[in-house]
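Report on the following structure.
This is a predicted model, so every value here is computed, not measured. Here is the naming used below: chain letters follow the sequence lines, and residue numbers restart at 1 for every chain.
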Amino acid sequence: MAMIEIKDIHKWYGDFHVLKNVNESIEKGEVLVICGPSGSGKSTFIRCINRLEEIQKGEILLEGRNIYDKGVDVNELRTEVGMVFQQFNLYPHLTVLQNVTLAPIKVRKMPKSQAESIAMELLARVGIHDQAKKFPVELSGGQQQRVAIARALAMKPKVMLFDEPTSALDPEMINEVLNAMKDLARDGMTMLCVTHEMGFAREVADRVIFMDGGAIVEEGTPEHFFTNPQHERTKAFLKEIL
Amino acid sequence: MNYDFQWNVVLSGEYLDWILSGVKVTCQISAVSLFFAMCIGTLLAVMRLTRFKPFVWFTAIYTEFFRNTPLLVQIFFWYFGSDGLLPRFALDWLYDHDFEFAAGVIALTVYTSAFIAEEIRSGINSIPRTQLEASRACGLSFVQAMRYVILPQAFRIIIPPLISQALNLLKNSALCMTIGVAELLYMAKQIESYSFRAFEAMSVATLIYLSISLVVSFTITQYNKHFMRTVSY
Ligand SMILES: Nc1ncnc2c1ncn2[C@@H]1O[C@H](COP(=O)(O)OP(=O)(O)OP(=O)(O)O)[C@@H](O)[C@H]1O
Ligand SMILES: [Mg+2]
């Protein structure tokens, strides 16, 4: 059974058809990179997977379970699907450690000491355990984004969604975040990453999909994608970003 | 000017006791009303932000209605009009206890909560929507996200306007003298009618209101400074 099965999904904002008949199947441990021009619906697409956006047609199955079923607890679902945003979105009034432990303590009802020791492990894994007592404003962008990754991992999700995690960063900080993501990929996390970091795609993606105008125009292995793209729009896009 | 100032008359003996008991009642009615107004104001603001139509309508009407009618009318309404509003046993209980005080608290609470709700709502709106998204994406419910992420940030931003609402409440509480709440102004008026020292009595009342306001405002500002450093916007 696929980890995520996306069947014929459609979404409209009013009259505007943002997602048009998107189909996709992601296996456990697979890393999918999603690219495409601005406004093509990449963010909307991955945000449907943790129901930050609702679809109007089609279904999304997580381990065989339709996430839009009436009986599904959205909060429960979101603990299984972690998300990292372009703008980090850390909680500015909480320390790094509190950012990571908030959801485990409040949602999972985990004892504070246990949540903290898990958080410290995760912070160590992304290389910032020595910043645990600081507030987000005291950290660089790259460090903040790594905290955001640790925060999402603290719920032990089965899938991680990344929405342009490095586009708000200064160039010299991009690699520290990509390295954290690569580690995660090697550890077998199922990942959907909207990114234009083609080096990352080449190195860890199992598949790359190219979206345009709310639909998947082309998909394939990174190898195929970079060396032998079929569609004119894909070629034009790659020419622009490479 | 040949007015003979006699401060010692109003600031000694029985009159001093009256003033002190007036100060006590003013502080009590303000504190109790502020507490309830904060609770109701927060609730109203959160209800409005759920975007659930009936809540939005209810809170919109509530805030517009109570902010745009004179407080004195509202005080009279709760005091004289509660006959038609409350069941018999509740009225009996109130008449046995301090009915004037209760009517004053209700009027001040309802009136102030409408203003506080608007302050809190604009404070919450000033927190980027992505904060709500980020916390919901971690699995927090709407209420948890409000409680642990949005409100703590919003409250730091709205503390200055909230202080001014609290001080308005303190000053507005003087209107409760009209329904016989024995607060500071009521006592000052009483001293004036017994001693005929109108200027002294009113000056003392004025200075006391002023000092309470300054002390409250200074304390909260100091307390707040300690928090502000962690907020980035
Ligand atoms: N809440 C909304 N209401 C109406 N239209 C929206 C809304 N959110 C997004 N859109 C529109 O939907 C389209 C897809 O947006 P989306 O954010 O998914 O694009 P994207 O591929 O992530 O682009 P970018 O690379 O700029 O992030 C855009 O044209 C956008 O203007
Ligand atoms: Mg986007």
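- A donor-acceptor pair under 3.5 Å is absent between the side-chain atoms of A:H93 and the main chain of B:I150, judged by distance alone.
- At least one side-chain heavy atom of A:V107 sits under 4.5 Å from a side-chain heavy atom of B:Q144.
- Residues B:R136 and A:N50 have side chains that never bring a donor and an acceptor to within less than 3.5 angstrom of each other.
- When the shell of 6.0 Å around CZ of B:F36 is examined, it contains 12 or fewer heavy atoms from other residues, nucleotides or ligands.
- For A:R47, the part sitting under 4.5 Å from any heavy atom of chain B is the side chain, from C-beta outward, and nothing else.
- Considering only heavy atoms from C-beta on, A:Q87 stays 4.5 Å or farther from B:P128 through its side chain.
- The nearest pair of heavy atoms linking A:M83 to B:A137 is CB-CB, 4.3 Å.
- Other residues, nucleotides and ligands contribute over 12 non-hydrogen atoms within 6.0 Å of the CH2 atom of A:W12.
- Between B:L140 and A:N75 there is no side-chain heavy-atom pair separated by less than 4.5 Å.
- Of the two parts of A:F85, only the side chain, counted from C-beta on, holds a non-hydrogen atom closer than 4.5 Å to a non-hydrogen atom of chain B.
- The line from SG of B:C138 to CZ of A:R151 is 4.5 Å long, rounded to the nearest 0.5 Å.
- Interatomic distance, B:E133 CD to A:E53 CD, rounded to the nearest 0.5 Å: 7.0 Å.
- Of the atoms belonging to A:V74, not a single heavy atom falls under 4.5 Å from chain B.
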